[in-house]
Amino acid sequence: MFKNFRGHNLVKSYQKDKLKKRFKGLGYMKAVIAAIVAIIIALLPTAAFGIEGLNAVQQRVIAIFVFAAIMWLTEAIPSWCMSVLIIVIMLCTISSAPLACFKGVEGAIYVPYKSIMACFADPTILLFIGGFVLAIALTKTGIDVVLAKKLLSPFGNKPANVLFGFIVVTAIFSAFVSNTATAAMMLAFLTPVLRAMPEGSKDRTALALAIPLGANIGGIATPIGTPPNTIVLGYLSEVLGVSISFGEWMIKMVPFVLILLVAGWMLLRVMFPFQQKEINLKIEGELHVTHQTWIVIATFAVTIFLWCFGKIDGVYDLGLNTNIVALIPVAAFAVTGVLTKHDLEEINWSVLWMVAGGFALGVALNTTELSKVLVASIPFGQWSPLLVMIISGIVCFGFSNFISHSAAASLLVPVLGVVAGAMVGAGTLTEGGVSTMLIGVAIASSVSMILPISTPPNAIAHSTGFIKQSEMMQVGIIMGIVGIAIGYAWMFLVF
C-alpha cells in the first residue's frame with residue numbers, strides 16, 4: 001500500500017532510518033536476556049509464585065507473557081516478528097499438540113492448537129484487511145488525490161484555516177487508511193509549500209506538526225483507524241462477549257475526535273503563531289475516470305454505509321456484522337480486476353501479524369484459566385475502578401511513546417480484561433465499565449505522540465527536517481494530557 005501512496009519516499013526514508021538505528025548486536029543481547037528471564041520463570045517451582053492453584057501450563061503462559069513484554073519493550077526484534085514467535089512458542093509449549101517434553105501436566109488445560117493458529121484469521125484481522133484493500137483501491141484510481149483537493153478547497157488560503165484544514169483532512173483519511181500512508185500522502189502535498197517558507201519559520205512548524213497530530217488522533221474515529229482499536233474490539237467481542245458495531249463506535253468516538261482536533265488546532269496556533277498572510281496550495285493529480293473508478297466509488301459507498309448503518313438497535317438489523325462487511329470490497333475488487341495479486345503485496349501484513357500476536361496472548365490467558373487463577377489470588381475486586389483506569393491509561397501512554405502502539409495494546413488489553421472481569425464479579429464495576437476501561441487503552445495509545453519514535457507519522461514528519469524534537473515533545477506532552485483527560489471524561493458520558 002505504501003508504494004502506491006504519494007509520499008512513498010518519506011515512508012521509505014523513515015523505514016531506512018529505523019533500520020539503521022537498530023543495532024543488531026545489542027538487539028541479540030536483549031533477546032538473549034529476555035529468553036533467559038523467561039526460561040527461569042518457566043523452570044521455577046510452581047510454589048515459588050505464591051499463587052494458589054497455579055499449574056505448569058499456566059506458569060508457561062506467564063513466562064511467555066514476560067518474554068513478549070521484554071521483547072516488545074526493548075524492540076530487540078521487529079514487533080511483528082515477535083508476534084509470530086509468540087504464536088510458535090505457544091504451539092510448541094501450551095497447545096493441545098505440544099512438543100513431547102511439554103505434555104502430561106495433570107489437571108492442566110492445554111489451548112487447542114487451532115484456536116492459536118486461528119488468531120491469524122481472526123474476524124478482526126479480516127476487518128483490517130478490508131480497510132487496507134479500500135485504501136489501495138482509492139489510491140490506484142486516484143480518488144484519494146481528488147478527495148484531498150476537494151476536502152481542502154473549502155478552507156481557502158488563510159493560514160489558520162489551512163492549518164485546520166490539514167488537521168481535519170488528515171484525520172478523515174487516517175480514520176480509514178493507515179496513518180503512516182496518510183501522513184506520507186499529506187506531507188507530499190504540503191512539502192513544496194513548506195520548502196518555500198523561510199527557515200525557522202513558525203508557520204512551517206505548525207503546518208508540519210498538523211499532519212502527525214491529525215493522523216494520530218484521526219485513527220480513533222473508526223474501528224479500523226488504528227490497530228489498538230481492533231485489539232480492544234476483538235478482545236471485547238471474542239472474550240467478554242461485548243459487541244460494539246462500526247457505526248456505534250463512530251457515533252460515540254467521532255465527536256470526541258473533533259474535540260481533540262480543535263484542541264490541537266488551538267494549541268498549534270498559540271504555540272506557533274502565523275506570520276504569513278496567505279498560504280497557496282497546489283495539489284497535482286487528476287482523476288482518470290474508468291469503469292474501475294466507478295466500481296471503487298460504488299463499493300466504497302456501500303461498504304461505509306453498511307459499516308455505519310447496517311445495524312441500528314431498536315430500528316433494524318441487516319444481519320451483516322462489521323467483519324463480514326469488510327470482505328465485500330475484497331470480493332468486489334478481486335472479481336472486477338481492481339485488486340490484483342501484486343496489490344495483495346501492498347497490504348500491511350506486519351501490522352496484521354502484530355495484532356494476531358496480541359490476540360494469541362489473550363487466548364492463552366483465558367483458555368488455560370490463568371486469568372481465573374490470577375483473579376482468585378489478587379483482590380482486584382477491592383480496587384477503585386477509577387484508579388485502575390487512570391493508572392492503565394498512564395501506563396499505556398508511557399509504553400506507547402517508546403514502543404509500537406499495537407505492542408502496548410497487545411500487552412495491556414488481556415491483563416486489563418482480567419482485572420475488569422474480576423471487578424465486575426466483585427460488583428465494583430459494571431458491564432459497561434469494562435468497555436470504558438479497555439477503550440481507554442486505545443485512546444491512550446493514540447494520543448501518545450511525544451517523540452519521533454512514538455509513531456510512524458511523527459517519524460515521517462520529523463524526517464522532513466521542518467520540526468525540532470523539542471517542539472514535537474511540547475505538543476505531544478500537552479496533547480497527551482488533554483487527550484487522556486478528555487477521553488476518560490467522554491467515555492464516562494457515552495459508554
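For the single chain, residues carry numbers from 1 onward in sequence order.
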Verify whether the ring centers belonging to F128 and F132 lie closer than 6.0 Å.
yes
For M271, look at atom CE and say whether over 12 heavy atoms of other residues, nucleotides or ligands are found less than 6.0 Å away.
yes
Quick one, S448 and H405 - any side-chain contact, counting heavy atoms below 4.5 Å?
yes
Report, as yes or no, whether the 6.0 Å neighbourhood of atom CZ on F102 holds more than 12 heavy atoms from other residues, nucleotides or ligands.
yes
Give a yes or no on this: more than 12 heavy atoms of other residues, nucleotides or ligands lie within 6.0 Å of atom CZ of F49.
yes
Would you check if V494 and F256 make a side-chain contact, meaning some heavy-atom pair closer than 4.5 Å?
no
Can N216 and T455 be said to form a side-chain hydrogen bond (donor to acceptor under 3.5 Å, both in side chains), step by step?
CA-CA 8 Å; N216 291 323; T455 71; 3.3 Å; yes
Pick one: which of L260, V441, I220 meets side chain to side chain contact (heavy atoms under 4.5 Å, CB included) with S446?
I220
Evaluate the side-chain proximity of I33 to I70: yes if any heavy-atom separation is below 4.5 Å, no if none is.
no
If you measure from CD1 on I304 to CZ on F246, what distance do you get to the nearest 0.5 Å?
5.5 Å
Are F67 and I39 close enough, and set up right, to give a side chain to side chain contact (heavy atoms under 4.5 Å, CB included), and what steps lead you there?
CA-CA 9 Å; F67 178 62; I39 291 170; over 6 Å; no
Taking the side chain as every heavy atom from C-beta outward, state whether P329 and F300 have any pair of such atoms under 4.5 Å apart.
no
Within this structure, what is the OG-CD1 distance for the pair S237 and I244, rounded to the nearest 0.5 Å?
9.5 Å
Output for pair (I259 CD1, W490 CH2), nearest 0.5 Å, gives 5.0 Å
Less than 4.5 Å apart, side chain to side chain, heavy atoms only: is that true for V133 and I347?
yes
Can you tell me how far the CD1 atom of I86 sits from the CH2 atom of W353, to the nearest 0.5 Å?
13.5 Å
Tightest non-hydrogen contact, residues I251 and P255, listed as O-CD, 3.3 Å
Could you please spell out the steps behind the side chain to side chain contact (heavy atoms under 4.5 Å, CB included) verdict for F492 and L386?
CA-CA 10 Å; F492 280 119; L386 181 60; 3.9 Å; yes
Is any side-chain heavy atom of L361 closer than 4.5 Å to one of M90?
yes
Any heavy-atom pair between the side chains of L236 and S435 that's under 4.5 Å?
yes
Can you find a side-chain donor-acceptor pair between T46 and Q59 that sits under 3.5 Å?
yes
With the side chain counted from C-beta on, respond yes when S79 and W72 share a heavy-atom pair under 4.5 Å apart, and no when they do not.
yes
